[in-house]
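These numbers were taken from a predicted model, which means no experiment stands behind them. When a ligand or atom number is given, it counts from 1 through the structure's own listing order.
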Amino acid sequence: MDQPVSSAHKLPIVLGVESSCDETGVALVTLDPDTGAPRLLGQALHTQVAMHAAYGGVVPELASRDHIRRVVPLLRQALAEASISLAEVDAIAYTAGPGLAGALLVGSAFAEALAFALEKPVLPVHHLEGHLLSPLLASTPPEFPFVALLVSGGHTQLMRVTKVGEYELLGETLDDAAGEAFDKTAKLLGLGYPGGPALSKLAETAEPGLVAEIKLPRPMLHSGDLEFSFAGLKTAVLTKVKAAQAEGVLNEAMRAALAAAVEQAIIDVLVAKSVQALKQTGLSRLVVAGGVGANRHLRETLVTACKRRKAEVYFPELDLCTDNGAMIALAGLLRLVGGATPKTAGGFSVKPRWPLIDA
Ligand code: KG4
Ligand code: ZN
């Protein structure tokens with residue numbers, strides 16, 4: 001009879017590799033021997049933000065080349081931090097999609113080759129599954145089932161998560177993702193890449209009186225479903241920026257006010273739809289994951305809204321909100337202990353487009 005992996009002599013150790021976009025992440029996770037909860041043993045991360053900043057966005061070819069350069073030193077760093085050797089690793093997880101094809105191929109080729117040499121199995125992981133399970137590594141992890149709000153640079157989705165591997169799409173964006181809305185409006189305001197954190201920082205300096213005068217739409221707020229749309233918001237901001245320019249009032253105070261107004265509009269929609277998803281599913285736990293989940297104002301607003309509904313809201317640790325290797329190692333580990341059959345190493349394919357419900 002099959003033995004659950006966790007009851008073997010040694011608790012499983014999974015190595016995770018993330019390379020889907022502009023972060024190279026390598027990490028090692030295992031299960032806590034006392035509680036059985038997932039535990040991060042060590043991680044190393046390199047962000048390419050400074051490299052792409054000069055171009056105002058991610059340059060895919062440069063991203064792939066940089067992943068190649070970084071991944072081996074990062075592996076050494078993660079192993080050293082965890083104080084373990086490669087021989088102790090039981091399986092290697094890597095992001096198989098979605099993401100930039102060339103960038104994904106680097107992580108996939110590296111993980112498959114390493115696993116082949118070590119004669120270990122591999123676990124191809126869906127990037128968004130990594131994001132939505134990442135709060136399980138936090139000091140107060142959520143229990144299943146929960147509603148997950150996935151807000152990254154490429155995705156905005158609400159999911160019902162019943163258990164590891166059981167995900168139901170409740171609603172998603174029809175056009176731009178929330179992160180994209182932050183990035184594109186930040187660009188309109190002359191801010192650098194990535195725009196989300198920069199826009200959020202500028203918004204903190206805004207005068208409330210000036211912000212109140214800026215009326216921006218809350219797209220699909222009253223659509224009655226759990227779909228989103230952010231493309232119109234970007235156009236509305238462009239119109240305001242042009243008008244302010246024409247009137248000669250696009251000064252620092254106006255830019256800050258516009259940043260605060262757009263941040264508020266995005267947050268209003270994300271919060272309202274998250275609350276609606278809780279109502280619709282009858283669930284009382286909300287998990288927020290993905291880069292936009294690092295936004296302080298969004299976090300505060302969600303905490304308040306959930307408190308009002310007597311629901312709990314869970315976030316990943318701040319450094320695990322944006323892309324990292326730990327969430328990929330974690331998704332692989334949880335699949336493994338859940339009874340998934342890992343793949344024999346050798347040969348690889350990536351899925352730049354891959355709906356999570358097919359994972
Ligand atoms: O999850 P992530 O690291 O990468 C993807 O898988 O896309 O998310 C990156 C996105 C970017 O759009 C970035 O601007 C946004 O997350 N982001 C933020 C903040 N930090 C990152 N947006 C708003 N406020 C932030 N503090
Ligand atoms: Zn991501």
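- The shortest separation from a heavy atom of Arg296 to ligand 1 is not under 4.0 Å, leaving the residue out of contact.
- Remark: the His127 side chain and the Glu18 side chain contain an N/O donor-acceptor pair separated by less than 3.5 Å.
- Between Lys307 and Glu312 there is no salt bridge, since no side-chain N of the basic residue sits under 4.0 Å from a carboxylate O of the acidic one.
- For atom 13 (C) of ligand 1, the nearest protein heavy atom (residue, atom name, distance) is Asp183 OD1, 3.8 Å.
- Close approach of ligand 1 to His127 is summarised as follows: ligand atoms under 4.0 Å from at least one heavy atom of the residue are 6 (O).
- Residue contacts with ligand 1: Glu180 is placed with no nitrogen or oxygen under 3.5 Å of a nitrogen or oxygen of the ligand (distance criterion only).
- Close approach of ligand 1 to Gly154 is summarised as follows: ligand atoms under 4.0 Å from at least one heavy atom of the residue are 7 (O).
- At least one heavy atom of Ala294 sits closer than 4.0 Å to an atom of ligand 1.
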- Step by step, work out the side-chain contact (heavy atoms from CB on, under 4.5 Å) result for Val288 and Arg299. CA-CA 9 Å; Val288 184; Arg299 285 179 171 235; over 6 Å; no
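- Ordered by chain and number, His127 NE2, His131 NE2, Asp323 OD1 make up the set of protein N, O or S atoms under 2.8 Å of the Zn ion (ligand 2).
- Taking only nitrogen or oxygen atoms, main chain and side chain alike, Phe182 does not reach within less than 3.5 Å of ligand 1.
- Heavy-atom proximity to Gly153, at under 4.0 Å, picks out these atoms of ligand 1: 5 (C), 7 (O), 8 (O), 9 (C), 10 (C), 12 (O).
- Under 3.5 Å, the side chains of Thr24 and His67 contain a donor-acceptor pair of N or O atoms.
- Using a 4.0 Å heavy-atom cutoff, Glu263 is absent from the residues neighbouring ligand 1.
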